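Because the structure is predicted, anything quoted here is derived from the model rather than measured. Because only heavy atoms are used, hydrogens play no part in the values below, and waters and symmetry mates are left out as well, while side chains stay in. Every chain is numbered from 1 and lettered A, B, ... according to where its sequence line falls, protein lines coming before strand lines.
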Protein chains: 2
Amino acid sequence: MTGRVVARSPLVGGPTSVPATSGTATSVPAATVSRLPGYLHALDGLHANGTAVVTSQELARAAGVTSVQLRKDLSFLGSYGRRGVGYDVEHLRHQVADVLGVREPHSVVLVGLGNLGHALAHYGGFADRGFTLVGLVDADPALVGTEVAGLVVEPPERLAELVGRTGATIGVIATPAGVAQDVCDALVAAGVTGVLTFAPRALRVPAHVDVRAVDVASELQILAFHARRPRA
Amino acid sequence: MTGRVVARSPLVGGPTSVPATSGTATSVPAATVSRLPGYLHALDGLHANGTAVVTSQELARAAGVTSVQLRKDLSFLGSYGRRGVGYDVEHLRHQVADVLGVREPHSVVLVGLGNLGHALAHYGGFADRGFTLVGLVDADPALVGTEVAGLVVEPPERLAELVGRTGATIGVIATPAGVAQDVCDALVAAGVTGVLTFAPRALRVPAHVDVRAVDVASELQILAFHARRPRA
DNA sequence: TAGATTGTTAATCGATTAACAATC
DNA sequence: TAGATTGTTAATCGATTAACAATC
């Protein structure tokens, strides 16, 4: 009933490993997948500053993991390093991007243009990392028709048409929690296969759809747990 | 060297279980801790709508986990249910809040007032869930001295004084990635023990400090992985 | 008592770490 | 060849799930 809810707030759940890409007959564990974006980002940085080859130790440091963890993770993708030497930055970058499926940009629709939605709409980091924001939706008639971040805000009735027309595969929910499930249902009905929600609400989705949830208050509460002085 | 970096993007790492609260001599697994905020939020909802008693099945549904998972998690906190009946909402709510350490509000300082920082400063959900935003910092001279969300923006030089004066235990970083490590170092030097960062950069912290990282682009890339059609 | 539901103990499964063999 | 570093195989550890006993 509930689909692959890959993360509640920051935990990998759901199926733990997933059919791998291209040649490989293997599969990639969920925990590994969740670290690949960090590796890719670090590789992008190295590439930008002209580094051609990197050892697992250097890359691991940049990504904030141990070199053993990194090599183990990369081994699920294939054997792309040279023993005694390291990894070709450009080659590994392409392999990781390929496994993540971000060599072609994905189209993203954003629903909800409150403070957070506005911030997300203006966030420049999408394009760099394989995503194009192609549509904005909000229920407020005062916002519909206005232009935000170069896109015209559409009403909820146009959501299905918008997803269909743009071929968006991912929907981002930045609405109040009360309408998050309805928005999610509409996104799924329109055809998206991935949902990123910022609303503090568990979302039900069919099995073929993935949900990831980011909840700032939950993150702070987890920090609070560690910060607390255990009372004797 | 690297402190308890509890999550890179959405994964629980670091020490896997942590000394528990109050009476209990037991410890609470990291995976359980990461789900407690969801349980607490669900309990708050039930409380608000007047529900006095809830079964593990109902609560689990509201929180988006299985009832087995929920009961197992709650068992680490103690035995607070009544067999054949369920859990007293009010009582369990207090127990969970107590374990998380959010019965007393925590003071939070926010650094970086770009789009995201502004959105966070205006986010209303903090107070409800145990956090009080007590200070804002930005390096832009045009912002310093202005009022945002009822607080006067302070310059970076005042960070240490601000944390000291307010007793803030948690710092939120919403700055550009390039300065995130410096900001983090300053927060840690000023005495915060928890850091929530939105900058896509691995942060180094001493062992007594916890870091949690939220990276929207990484979340999207993980969704992209699942969305991709594996090419034969 | 019978039915419902919790909470513990045991079994399974996945993820991380350690050891080491392969090879550049 | 010797040194460096990758990548695999095995060992450990933690998290989830299943089975069931306890008890309201």
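One can place OH of A:Y39 at 13 Å from P of D:dT6, the figure rounded to the nearest angstrom. For B:L92 and C:dT6, the CG to P distance is 11 Å, given to the nearest whole Å. For the pair A:Q69 CD and D:dG7 P, the computed distance is 15 Å after rounding to whole Å. Rounded to whole Å, atom P of C:dA21 lies 16 Å from atom NZ of A:K72. If you take CG of B:L70 and P of D:dT17, they are 13 Å apart, rounded to a whole angstrom. Across the protein-nucleic acid pair, A:R71 atom CZ and C:dA19 atom C1' stand 12 Å apart, rounded to whole Å. The separation between A:Y87 atom OH and D:dT5 atom C1' is 9 Å, rounded to whole Å. A:L77 has its CG atom 15 Å from the P atom of D:dT6, to the nearest Å.
For A:S75, the side-chain atoms get nearest to D:dG7 when compared with the rest of D:dT17, D:dG7, D:dA10. Nearest to the side-chain atoms of B:V68 among the listed nucleotides C:dT17, D:dT17, C:dT8 stands D:dT17.
Between the base of C:dT23 and the side chain of A:R83 there is no donor-acceptor pair shorter than 3.5 Å.
Dashed line: the shortest gap from a side-chain N or O of B:R35 to OP1 or OP2 of D:dT16 is under 4.0 Å.
Panel note: side chain A:Q181, backbone A:R204; a donor-acceptor pair is recorded below 3.5 Å. For the pair B:T132 (side chain) and B:V134 (backbone), a donor-acceptor distance under 3.5 Å is absent. Between the A:Q69 side chain and the A:T66 main chain, no donor and acceptor come within less than 3.5 Å of each other.
Closest approach of B:A224 to A:H106, counting heavy atoms only: CB-NE2, 3.6 Å. Taking all atoms of both residues into account, the shortest heavy-atom contact from B:G112 to B:A174 is O-CB, 3.7 Å.
DNA chain C forms stems at C:3-24 with D:3-24, each a run of 3 or more consecutive Watson-Crick or G-U wobble pairs whose two key distances fall under 3.5 Å.
Taken from CZ in B:F225 to CG in A:L36, the straight-line distance is 7.5 Å, to the nearest 0.5 Å. Atom CD of A:Q221 sits about 9.5 Å away from atom CD1 of B:I170, to the nearest 0.5 Å.
The number of heavy-atom neighbours closer than 6.0 Å to CZ of B:R82, taken from other residues, nucleotides and ligands shown, is 12 or below.
Listed in residue order, the members of residues 51-61 of chain A having a heavy atom less than 4.0 Å from DNA chain C come to none.
Between A:G84 and A:T32, the residue anchored closer to the 5' end of DNA chain C is A:T32, taking for each the nucleotide with the nearest heavy atom.
Residues in residues 42-52 of chain B take part in these salt bridge (charged side-chain N to carboxylate O under 4.0 Å, His left out) pairs, two or more places apart or across chains: B:D44-B:R93.
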